[in-house]
Colleague: 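Mind looking over this structure? Questions follow.
All values below come from the heavy atoms of this structure, side chains included, with hydrogens, waters and symmetry mates left out.
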Amino acid sequence: MECIGQLFKVHKMNTEIDSKERTRKDSNINFVLRAITLTIEPGANVTRDTSVTLRCHASISSLGQEPLSREYTLYKGSERIYNKVMSTSEDFLHQLPNARLSDTGKYKCEIRIKDKSKTSENVELTVTGLSKPVLHVNNSMVSEGEEVIATCMAPGERGSFYFYFYEDSKEIHIMQASSNQAEARLSINSVGSHIIHCEYTVVVIPFVFKSEQSDTVKVSVTELSIAVSLDISPQHNIYEGDQIDITCSVINFPQRSYNSILYLSQGDKILKVEKKTTFTHSMIIKAKDSVLFECGLEMGNVKKLTTKRVSVTELFSVPTLTMSPAEVFQRDAITLTCRSENYAPQRLKDEELTYSLEPTLNLQEHGKGVYSVKATFRDINITCVAKARDLMKQSEILAVRPKVRASRPRISVIGRAIIQQPITILCQSDYGSLPINYTLFKGYDALNTISVKESFQQALFTVTINRAEEIKQYTCEADNTKGRMQSESSDRLRAFVTEPLKNPALIVIPTVEQIFEGGHLSLICTVTGTPPVTFKFYQQGNKDPLHTTTSNENHTSYEVPRLSKAHSGKYFCEADNHAHQVVSTELVNIEVRMAMWKKALIGGSCLLALSVLVVVCVLCFKSKRGKREAPAELSVKPSSPKSDDSLTVNLTHDTEVYNADTVKVDKATVSVWSKRPPEDDVVDDEESSVVNSEPDVEYTEVVHPQPVDPNRVPVRKGTDTVYSELQNSPHGAVDHHDYGLRSTILNESAVCLMALLCVCQQGSVEYAELNGEHPEINHYRPEVNSFHDLPVPVD
C-alpha cells in the first residue's frame with residue numbers, strides 16, 4: 001500500500017509540472033514583444049541645469065486583456081543605473097533634474113516580460129557647462145613656515161573630480177575627490193604676498209572636462225627674525241695641515257618650541273648635525289678639500305642658512321709620475337721620475353718631503369724621486385706617493401704597458417701562385433704589439449709597406465711573376481719599434497707555383513693509315529704545364545666529352561678497344577689546370593678502314609670464282625675442238641620470233657636450201673654454248689679428208705646486246721641474229737683462217753670475267769654502304785663490249 005501511495009504522489013507531481021510547463025508555454029504565446037525605443041526629452045544636447053526625461057517605449061501585441069508585468073532597466077554605458085517593474089502599458093520615464101556634465105553619456109533601455117527581453121539602441125546625451133569653483137583659505141596672514149588650509153568647491157556638480165591649487169599661477173598641489181569639494185594644506189615658504197586660486201576637472205570616461213578658474217585669494221607671509229652665523233678661525237694665512245675651528249649658531253631663536261636642526265657642511269659632505277642653537281667643529285684643513293662651508297637651520301617649513309669660503313695654501317703640490325722613454329718593450333730599461341712641482345718653503349723644508357713608488361718592484365734609486373727598473377712581461381699600474389709631516393698625496397696612476405716586439409714574420413701565399421696572374425702574399429707575425437709595419441722585399445728591393453693597426457687587419461701584398469723561380473726572391477720584415485731596433489725578417493717565400501698549360505698535342509696510336517675495323521685505338525693528349533691536369537676528349541659534332549679524367553701527369557690517354565666505321569671522324573682534346581686557362585689541340589681526322597680479313601675474304605672469293613671460270617672456259621674450248629669434224633652447223637634464232645615453235649637447222653654444203661629468213665627458232669636466246677644434238681653420220685678424219693677436201697662451214701648464232709639509246713623507243717624486242725662462219729680444217733683442227741670460233745670463245749670468256757668482277761665489286765660496294773663508305777664504282781657499260789667487231793656471216 002505504501003508503494004502504491006508513493007507512485008500516486010510521483011504521478012501527481014509530474015502532472016503538476018507538465019501543467020505548469022504547458023501554462024508557461026501558453027502564456028508565452030499570448031504576447032509578442034515587437035520593439036523598444038529610448039528617447040531623450042527635450043533633446044540630446046542640453047545645457048547645465050536643464051531637466052531631462054528619458055522615455056522608454058515598448059511595442060507589445062497580446063491576446064487577452066490581462067496586463068503584463070514589465071521590468072524596465074536603464075543603463076548608462078555598461079553601468080546599470082535604474083530598475084523598475086510596471087504592470088501598465090504606459091511608457092517608462094526616468095527624470096534627470098538639473099542635468100550636470102556628469103550626466104553626459106550613452107543610455108539604453110531594456111524591457112523584460114517573463115522570459116523574453118529586448119533592448120533599445122544607444123542614445124547619447126550631451127550636457128554642457130560647469131559651475132565656477134569657489135576657493136576659501138583659513139588665514140590670509142601667516143608667518144614664515146606656517147601652513148595655509150585652502151578649500152576648493154564645485155557647487156552643484158556630480159561625478160569624479162580632480163582639484164588643482166595654484167600659487168602665483170604655479171601649480172603647487174593636486175587632489176582627487178569623489179565629492180564636489182577638496183581641502184589642501186599649503187606651505188608657502190617665501191616671504192611676501194602670494195595669489196592663490198583653484199580649478200577642477202570632471203571625468204566622464206573617456207573624456208575630461210575642465211572648469212574655469214576660481215576667484216583669487218591673497219595670502220601674505222611675514223618673515224621670522226631668526227638668523228644663523230658662521231665663524232672660522234684663523235681666517236687668513238691658512239696652509240695645508242693647519243687646524244681650523246668652525247662655529248655655527250642661531251640668532252633670535254623664538255621662545256616657543258619648534259622642531260629645529262642645526263647643521264654644518266663642507267661641499268657635499270655633512271661635517272656635523274646638532275639639535276642645538278650653537279656648536280663648534282675643529283678639523284685639519286687640506287687643499288684638495290672644498291673650502292666652502294655652510295651653516296644651516298631647518299625649523300618646520302622654515303630654512304635659514306649662511307656660507308663662508310676660506311683660502312688654503314698648498315704645503316706641497318700633488319706629485320706627478322713620468323716614464324722615460326714613453327714607449328717601452330718587454331725587458332727594456334725604463335726611468336720613473338716622481339716630483340712635486342711646488343711646495344711652501346716658508347713652512348716646509350726640502351728634506352721633509354719624501355717620495356716613494358707603489359708597488360715597490362725591483363727599483364734602483366738614482367736620486368730623490370728618480371728610479372730605474374726593467375719593464376716586465378705584463379702590464380702594471382704605478383703611483384707616486386709624496387709625504388710631508390702628516391700629509392700624504394698620491395699622483396695619478398701611471399699605466400706601464402710594455403709592448404711586445406713583433407715576432408719573426410711568416411710569409412705565405414693566399415690561394416694559388418699562378419704564373420702571370422696576380423698573387424696575394426701574406427706577411428704575419430704570431431705576436432707583437434700593434435701597430436706593426438710589414439715591408440715586402442724582392443731580393444734587396446723594398447716593394448711596399450703596410451701598417452697593421454687593428455687585430456682584424458692583415459698585411460696582404462699583390463705581386464706577379466713570370467717564372468716559377470721568382471717566387472723564392474720574396475721576403476718580408478715586421479717592425480713595431482719605429483726603427484729603434486733591428487727588424488725581424490722572414491724566410492724566403494716558398495710556394496707551389498702553377499704554370500698555365502701550353503703546347504697541347506693529340507697523338508694517335510696506331511698511325512692514321514693503320515686504323516682498321518675491329519682494331520684498337522689510343523688517343524694520347526699531352527701538354528706542358530703544372531699538374532694536376534683535367535683532360536677532356538671530344539669528337540667534332542658532339543658537345544659532350546667522350547672521356548674526362550684528371551691526371552697528375554702531363555699526359556693521359558683515351559682507349560677505344562674495338563673500332564667500327566662509327567668511330568670515323570675528327571677528334572680533339574682540351575686540357576685545364578688550376579690556372580684555369582683551357583687549351584685545345586688541333587683536329588685530328590681518323591678514318592676507320594675495312595678490316596684486312598674482309599678484304600682477304602672478298603679477294604679470295606673473287607680469285608676462286610675466276611679460277612672456276614677459267615676451268616669452265618678451258619673445258620668449253622676443248623669441247624669445241626672435239627667437234628671439229630662435225631658438219632657445219634647453224635643455230636638460228638630470229639630477232640623477232642612470232643610463234644612458240646623452235647627449230648634448229650643444221651646446214652652444210654649438201655643442203656639444198658639455205659635461207660636464214662625462213663627459219664624459226666625458240667624464243668630463248670641461244671649462244672655459242674648451246675648444245676647441238678649429236679649427229680648420226682659421223683665420219684672419221686681419214687674419210688672426211690678423202691670424200692670432201694673442202695673444209696666444212698659451220699654457222700652459229702652469236703647474241704649481241706643492243707646499245708640502249710635513252711632518247712629513242714626501241715622498235716623491236718629480242719636480239720639480232722648474227723651469223724659467223726666456222727671452217728673446220730680438213731686435218732681435224734680449227735683453221736687459222738677460221739677466226740670466228742676463237743673470237744666467240746674469247747668474247748664469251750670476257751663476258752663471264754666481267755660478270756664475275758661486277759659481282760665481286762658489287763659485294764664490296766654493298767659492304768662499304770653498310771659501313772658508311774661510298775667508294776667509286778665502275779659500272780658495267782654494255783656499249784663497251786658490244787662485240788661489233790665480230791665478222792658478219794658470209795653467204
Colleague: Would you mind checking if E470 and R467 are paired as a salt bridge, meaning a charged N to carboxylate O distance below 4.0 Å?
Modeller: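 Salt bridge between R467 and E470, a charged N being under 4.0 Å from a carboxylate O: yes.
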Colleague: Not counting sequence neighbours, which residues clear salt bridge (charged side-chain N to carboxylate O under 4.0 Å, His left out) with D350? List them please.
Modeller: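 Residues passing salt bridge (charged side-chain N to carboxylate O under 4.0 Å, His left out) with D350: K368.
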Colleague: Can you list every pair that meets disulfide bond (SG atoms under 2.5 Å apart) and has a residue in residues 321-426, with sequence neighbours left out?
Modeller: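 Sorted pair list: C338-C384.
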Colleague: Begin with the C-alpha distance, continue with both residues' side-chain angles, and end with the deciding distance and a verdict on salt bridge (charged side-chain N to carboxylate O under 4.0 Å, His left out) for K403 and E327.
Modeller: CA-CA 7 Å; K403 287 189 173 183; E327 289 186 353; 3.4 Å; yes
Colleague: State whether the side chain of Y355 and the backbone N or O of S340 hold a donor-acceptor pair below 3.5 Å, judged by distance alone.
Modeller: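 Yes; judged by distance alone, with no hydrogens or angles, the pair exists.
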Colleague: For Y558 and K536, indicate whether the former's side chain and the latter's backbone hold a donor-acceptor pair under 3.5 Å.
Modeller: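 A pair under 3.5 Å: no.
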Colleague: Test of understanding: with salt bridge (charged side-chain N to carboxylate O under 4.0 Å, His left out), list the residues that count as partners of D245, not counting sequence neighbours.
Modeller: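 D245 satisfies salt bridge (charged side-chain N to carboxylate O under 4.0 Å, His left out) with no other residue.
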Colleague: Can you run down the salt bridge (charged side-chain N to carboxylate O under 4.0 Å, His left out) pairs that involve residues 384-400, sequence neighbours left out, and say none if there aren't any?
Modeller: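 Sorted result for residues 384-400: E240-K393, E314-K393, E352-R389.
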Colleague: Can you tell me which residue among N480, D479, T481 is in a side chain to side chain contact (heavy atoms under 4.5 Å, CB included) with S487?
Modeller: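 For S487, the side chain to side chain contact (heavy atoms under 4.5 Å, CB included) check succeeds only for D479.
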Colleague: Tell me every residue that passes salt bridge (charged side-chain N to carboxylate O under 4.0 Å, His left out) with D332, counting only those two or more places apart in sequence or in another chain.
Modeller: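 Testing D332 for salt bridge (charged side-chain N to carboxylate O under 4.0 Å, His left out), a comparison that skips the adjacent residues, returns R484.
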Colleague: Using every non-hydrogen atom in the two residues, find where S229 and C295 come nearest and quote the distance to one decimal.
Modeller: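 That closest heavy-atom pairing would be O-SG, 3.9 Å.
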Colleague: Could you walk me through whether S522 and H520 pass the side-chain contact (heavy atoms from CB on, under 4.5 Å) test, one step at a time?
Modeller: CA-CA 7 Å; S522 295; H520 182 88; 3.4 Å; yes
Colleague: More than 12 heavy atoms of other residues, nucleotides or ligands under 6.0 Å from CD of E171: yes or no?
Modeller: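 Above 12, so yes.
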Colleague: Under 4.5 Å between any side-chain heavy atoms of T526 and P504, yes or no?
Modeller: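 A side-chain contact under 4.5 Å is absent here.
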Colleague: Suppose we screen for salt bridge (charged side-chain N to carboxylate O under 4.0 Å, His left out). Which residues come up paired with D491, at least two apart in sequence or across chains?
Modeller: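 Result, salt bridge (charged side-chain N to carboxylate O under 4.0 Å, His left out) vs D491: R408.
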